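For reference, the structure is listed below as C-alpha cells.
Whatever order the structure lists them in is the order used to number ligands and atoms, beginning at 1. Quick caveat: nothing in here was measured; it's all calculated off a predicted structure.
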Amino acid sequence: MNNPNIVILGAGYGGIMTAVKLQKSLGPNDANITLVNKHSYHYQTTWLHENAAGTLHHDRTRINIKDVVNTSQVNFVQDTVTSILPEEKKVVLENGELSYDYLVIGLGFEAATFGIPGLKENAFTINSINSARLIRQHIEYNFAKYNNEANPKEERLNIVVGGAGFTGIEFVGELANRIPELCKEYDIPREKVRIINVEAAPTALPGFDPELVEYAMNSLEARGVEFKIGAMIKEVTENKLVFEKDEQREEIATNTVVWAAGVRGNSLVEESGFEANRGRIPVEADLRSKQYSDVFIVGDCALIFNEETERPYPPTAQIAIQMAENTAENIAKLIKGDDHIEPFKPDLKGTVASLGHNDAIGVVFDDKKLFGWSATAMKKVIDNRYLLKLGGPSLLLKKGKLNFFK
Ligand code: FAD
C-alpha cells in the first residue's frame, strides 16, 4: 500500500510548525510529507514592522526553510498555490499539481481594505518581506529626494499609518525610533517630519487595558507621534489622505500611507469553494474543515470561537503555533490508525505590544500588566521561545533577540 500524502500549504507560523512537528513524530515509511511555500524562506510576520521601519534588517526576520525542515523527510516545494480542489483532493500550483490524503491549509492573511476609495491602489501594507522592504526603501527614498528638489514637497515627510491596533501601534513605535536617525542622515530637521496615526475607533488599541493604552500613547506622543482618534479614513490618493473626524473633513499631504487597520484570511480559500467568513474558514473543534474532514486549517485562515465570549479569537501567531502543534499530533494519530484525535484548546499566555525597541506594554498570565523594560524583555522571551521550538538552540543563537538591554 502507498504511504499517505500529507500536503501543507504555506510556511508561516502554522504551516512550518506543522511540518517540523510531523517530521519528528512520523518516520519516512509512515507518510509522504510535502510543504509548499511561495518563497524559499519562512518569515516571522511579527517582526515585519521593524523591517518596514528600517530598525531591523529583513535577513534577521527570515529563515531559510531548509535550515529548519529536514528535506530527507519533508519534500519542500517552492511554488505558489493557485487553487485547492477539495472534491478531487488536489492542489493546483503555478508549476504543477499535488494530490493529498490529508491537507493542512496555512496560507495566512492579507489586508482587508473595506472598499475605502484609493486605499488598495495607493497604500502600503505590512504583510511580507517584500512589502516591508518596499516601505523601508520608499521612506528612505523620500528623505533622500527631499533636499534634491527646488520646491521640497511636504508630502514626502508626512507618514500616515492607518489603524492604531496592534500592528499600527507597533509600527509607529519603530518609526518614532527610526525617524531621528533618518533626519540626521539626510539633513532634515526633525520638526519637518510627521508620523500620524489615524484610528476610527474612539481609542487607540481597542480592547486593551485603558491604563496600558494611556501609557502607550504617552510614550509615543513624547517621541513625536500624532494621533487622530475617532477619525475615519475616507480616501487615499497618490499624494494625500482624507479623513473625517467630528463631522469635519481633513486632508494630509502624504505619499506614504501604511494601512494596518484590517486583515482577513487568504482569499484563495473562498475562491477554492470553502465556506469562509472574510477568508477565515469555520472549523470543527479539532480544526478540520466542516465541509471536508481530510482538510485541517491552521493560523489566520481558521475561524475559531472563544466559548466564554462567543466571539472569534483574534488571529495571532501564538494561536497559529498552537494550532500547528495540535494538528501535527492529530494527523500523526490518524496515520497511525488512532481515530481519537484531540480538540484544539488555545492556551493564551498573554499579549505584548512593542512601542519601539526600548519600550512595550503587555498583559501576561491572565492579568499581570507589564510596562517598559519588563514588557520589552517579555516580548524577546516570547520571540526567542518560538525560535527555540522551531529550530533548537542553533536557530536561537543565529536569529534570536538575545540582548535584553538594547
Ligand atoms: P502567515 O504568517 O501569514 O504565513 C503564511 C505563509 O503562506 C507565508 O509564508 C506566505 O508566503 C505563504 N503563502 C501565502 N499565500 C501563498 C500561496 N498562494 N502559495 C504559497 N504560499 C503562500 N501575532 C502575535 O501573536 N503576536 C504579535 O506580536 C504579533 N505582531 C504582529 C505584527 C505585525 C506587523 C503583523 C502584520 C502581525 C502580527 N501578529 C502578531 C499576527 C501574526 O503575525 C499572524 O497571526 C500570523 O502570522 C499568522 O500565521 P499564519 O501561519 O496563519 O500565516
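- Residue contacts with ligand 1 do not include I382, since none of its heavy atoms lies under 4.0 Å from the ligand.
- Among D79, V81, I297, the residue whose heavy atom lies closest to atom 19 (N) of ligand 1 is V81.
- Ion pair E181/K184 not flagged as a salt bridge, since none of the NZ, NE, NH1 or NH2 atoms sits closer than 4.0 Å to an Asp/Glu carboxylate oxygen.
- Counting heavy atoms only, D300 comes closest to atom 44 (C) of ligand 1 of the residues L35, T45, D300.
- When non-hydrogen atoms are compared, ligand 1 lies under 4.0 Å from the backbone of A317 as well as from its side chain.
- Put simply, part of K379 is less than 4.0 Å from ligand 1, judged by heavy atoms.
- The shortest N/O to N/O separation between H49 and ligand 1 does not fall below 3.5 Å.
- Nearest to atom 53 (O) of ligand 1 among the protein's heavy atoms is G108 CA, 3.2 Å.
- Of all the heavy atoms of L48, none lies under 4.0 Å from any atom of ligand 1, so neither backbone nor side chain is involved.
- For the pair K399 and W47, the cation-pi test (distance below 6.0 Å, angle within 45°) is failed.
- Residue-to-ligand polar distances keep C301 apart from ligand 1: every N/O pair is separated by 3.5 Å or more.
- At the shortest separation from atom 6 (C) of ligand 1 among protein heavy atoms lies G12 N, 3.5 Å.
- By the 6.0 Å contact criterion, CD on E88 is enclosed, its count of non-hydrogen atoms from other residues, nucleotides or ligands being greater than 12.
- Summary of contacts: the protein heavy atom closest to atom 21 (N) of ligand 1 is K38 N, 3.2 Å.
- Protein heavy atom at the shortest distance from atom 7 (O) of ligand 1 is G10 CA, 3.5 Å.
- At the shortest separation from atom 46 (C) of ligand 1 among protein heavy atoms lies Y13 CD1, 3.7 Å.
- Both the backbone and the side chain of F109 come within contact range of ligand 1, each with a heavy atom under 4.0 Å.
- In this structure, H42 and Y13 have perpendicular ring planes: the angle between them is above 60°, well past the 30° mark.
- For E275, the CD atom sits in a loose shell: 12 or fewer heavy atoms of surrounding residues, nucleotides or ligands are nearer than 6.0 Å.
- Under the 4.0 angstrom criterion for non-hydrogen atoms, W47 is not in contact with ligand 1.
- No more than 12 heavy atoms of other residues, nucleotides or ligands lie within 6.0 Å of NZ in K398, so this atom counts as exposed by the packing criterion.
- Using a 4.0 Å cut-off between heavy atoms, T82 makes no contact with ligand 1 at all.
- Residue K368 places its NZ atom among 12 or fewer non-hydrogen atoms of other residues, nucleotides or ligands, all under 6.0 Å distant.
- Around CD of E238, the count of heavy atoms belonging to other residues, nucleotides or ligands within 6.0 Å does not exceed 12.
- The existence of a salt bridge linking R288 and D286 is confirmed by a sub-4.0 Å separation between a basic side-chain nitrogen and an acidic carboxylate oxygen.
- With salt bridges taken as basic N to acidic carboxylate O contacts below 4.0 Å, one links K349 and D347.
- Nearest protein heavy-atom neighbour of atom 34 (C) of ligand 1: T167 CG2, 3.4 Å.
- When the options T46, I16, V91 are ranked by their closest heavy atom to atom 31 (C) of ligand 1, first place goes to T46.
- Within the 4.0 Å heavy-atom shell around ligand 1 one finds N37.
- Looking only at heavy atoms of the protein, atom 13 (N) of ligand 1 is closest to L107 CD2, 4.0 Å.
- Closest to atom 15 (N) of ligand 1, if we only count protein heavy atoms, is N266 ND2, 3.3 Å.
- Salt bridge absent: R136 and E174 never bring a charged side-chain N and a carboxylate O closer than 4.0 Å.
- Geometrically, ligand 1 and G15 share no nitrogen or oxygen pair separated by less than 3.5 Å.
- Residues E50 and R60 are not paired through a salt bridge, judged by the lack of any N-O separation under 4.0 Å between the basic side chain and the carboxylate.
- The existence of a salt bridge linking E226 and R194 is confirmed by a sub-4.0 Å separation between a basic side-chain nitrogen and an acidic carboxylate oxygen.
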